[in-house]
Amino acid sequence: MKIGIMGGTFDPIHIGHLLLGEFAYEDFGLDEIWFLPNGNPPHKETGEADKEAALAHRVEMVRIAVCDVPYFRLNLAEADTKKHSYTYSTMRKFTREYPEDEFFFILGADSLFSIEQWKFFREIFPTCTILAAMRDDKDAEEMKRQIRYLENTYNARIKLLQAPLVEISSTTIRNRIAENRSVRYMIPDIVERYIKEHNLYRGQ
Ligand code: ATP
């Protein structure tokens with residue numbers, strides 16, 4: 001099988017994430033996309049006092065966002081607040097557990113440009129092909145240059161993922177909710193309902 005890995009904080013999951021998954025699935029003929037909410041993001045602060053509860057909400061929102069799509073799956077390999085999860089070690093675990101399968105790591109431009117700050121990032125490259133999508137301020141030329149640089153320097157395999165350019169981030173969503181503004185069409189309806197029911201992101 002060809003498996004796409006979509007790691008993230010998903011605080012909350014939004015259509016930018018889902019479009020990346022959908023376009024990677026279709027354009028690269030993948031069989032499954034695994035969404036991996038990170039319990040304790042090493043290069044990002046969640047800003048939540050109660051990490052466990054916050055993780056449970058993030059996981060649940062991913063679950064309800066992907067449950068209708070047969071090739072989208074929630075994967076809990078990184079959903080642990082008690083340890084730091086690093087991509088290199090998760091990917092190594094997957095390639096050992098599933099030696100028959102081929103892995104594709106899906107990420108947005110911001111991640112492609114910061115990947116050299118990730119722990120043991122060199123070890124990620126032999127485990128997968130990276131599918132990198134454009135995002136916000138990076139244009140196609142900058143992306144191609146960064147792809148060439150990483151390929152030449154680290155022997156990485158990286159392909160440009162042509163997904164619609166969506167200027168939405170989880171930060172935008174959280175801010176808009178805190179300001180009582182609409183997030184309709186930016187996140188799945190079911191996630192919007194979940195956020196309302198649990199009164200998330202209100203007091204920020
Ligand atoms: P935050 O605003 O909290 O930083 P985020 O929207 O960047 O969150 P993450 O869960 O951190 O979301 O992102 C997971 C992955 O999805 C990253 O590789 C990121 O680059 C990518 N991504 C998220 N939103 C988009 C988008 N709108 N377009 C392209 N890539 C995206």
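Atoms within each ligand, like the ligands themselves, are counted from 1 in listed order.
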field: side chain to side chain donor-acceptor pair (under 3.5 Å) against Asp68, all qualifying residues, sequence neighbours excluded
entry: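 Checked Asp68 against side chain to side chain donor-acceptor pair (under 3.5 Å); zero matches.
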
Phe28 ring center near Phe23 ring center (under 6.0 Å):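 No, they do not, as the ring centres are separated by 6.0 Å or more.
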
task: Determine, using ring centers only, whether Trp34 and Phe94 are less than 6.0 Å apart.
output: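 Yes.
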
Does even one non-hydrogen atom of [X] get within less than 4.0 Å of ligand 1?
X      : value
Gly7   : yes
Glu167 : no
Asp110 : yes

- request: Is it possible for you to say whether Phe10 and Tyr185 belong to one hydrophobic cluster, with membership spreading through side-chain heavy-atom contacts below 4.5 Å?
  value: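 As far as the 4.5 Å side-chain criterion goes, Tyr185 and Phe10 are not connected within one cluster.
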
message: Which of the numbered atoms in ligand 1 are under 4.0 angstrom from any heavy atom belonging to Ile168?
response: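 That gives atoms 24 (N), 26 (C), 27 (N) of ligand 1.
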
- request: Enumerate the atoms of ligand 1 whose separation from the nearest heavy atom of Arg135 is less than 4.0 angstrom.
  value: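 Close to Arg135: 5 (P), 6 (O), 7 (O), 19 (C), 20 (O), 22 (N), 23 (C), 24 (N), 25 (C), 26 (C), 27 (N), 28 (N), 29 (C), 30 (N), 31 (C).
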
For [X], is at least one N or O under 3.5 Å away from an N or O on ligand 1?
X      : answer
Phe10  : yes
Ala133 : no
Asp11  : no
Thr171 : yes

- request: Report the C-alpha separation of Lys2 and Asp31 in whole Å, then their side-chain angles, then the decisive distance to 0.1 Å, and conclude whether the salt bridge (charged side-chain N to carboxylate O under 4.0 Å, His left out) test is met.
  value: CA-CA 5 Å; Lys2 289 179 166 186; Asp31 297 289; over 6 Å; no

task: Can you run down the side chain to side chain donor-acceptor pair (under 3.5 Å) pairs that involve residues 155-170, sequence neighbours left out, and say none if there aren't any?
output: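 Matches after skipping sequence neighbours: Ser169-Thr172.
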
- prompt: Can you find a pair of side-chain heavy atoms, one from Ile5 and one from Leu36, that are under 4.5 Å apart?
  reply: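 A side-chain contact exists here, since the closest heavy-atom pair is under 4.5 Å.
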
- prompt: Tell me, do Ile115 and Ile130 make a side-chain contact under 4.5 Å, heavy atoms counted?
  reply: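 Yes, side chains in contact.
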
task: With atom 13 (O) of ligand 1 as the reference point, say which of Met134, Arg174, Met6, His17 has the nearest heavy atom.
output: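 It is His17 whose heavy atom sits nearest to atom 13 (O) of ligand 1.
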
query: Which of the listed options, Ser170, Ser169, Gly108, Ser114, holds the heavy atom that is closest to atom 21 (C) of ligand 1?
result: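 Ranked by closest heavy atom to atom 21 (C) of ligand 1, first place is Gly108.
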
- request: Using a 4.0 Å heavy-atom cut-off, say whether Thr172 meets ligand 1 through its side chain, its backbone, both or neither.
  value: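 Near ligand 1, Thr172 shows nothing, with every heavy atom at 4.0 Å or more.
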
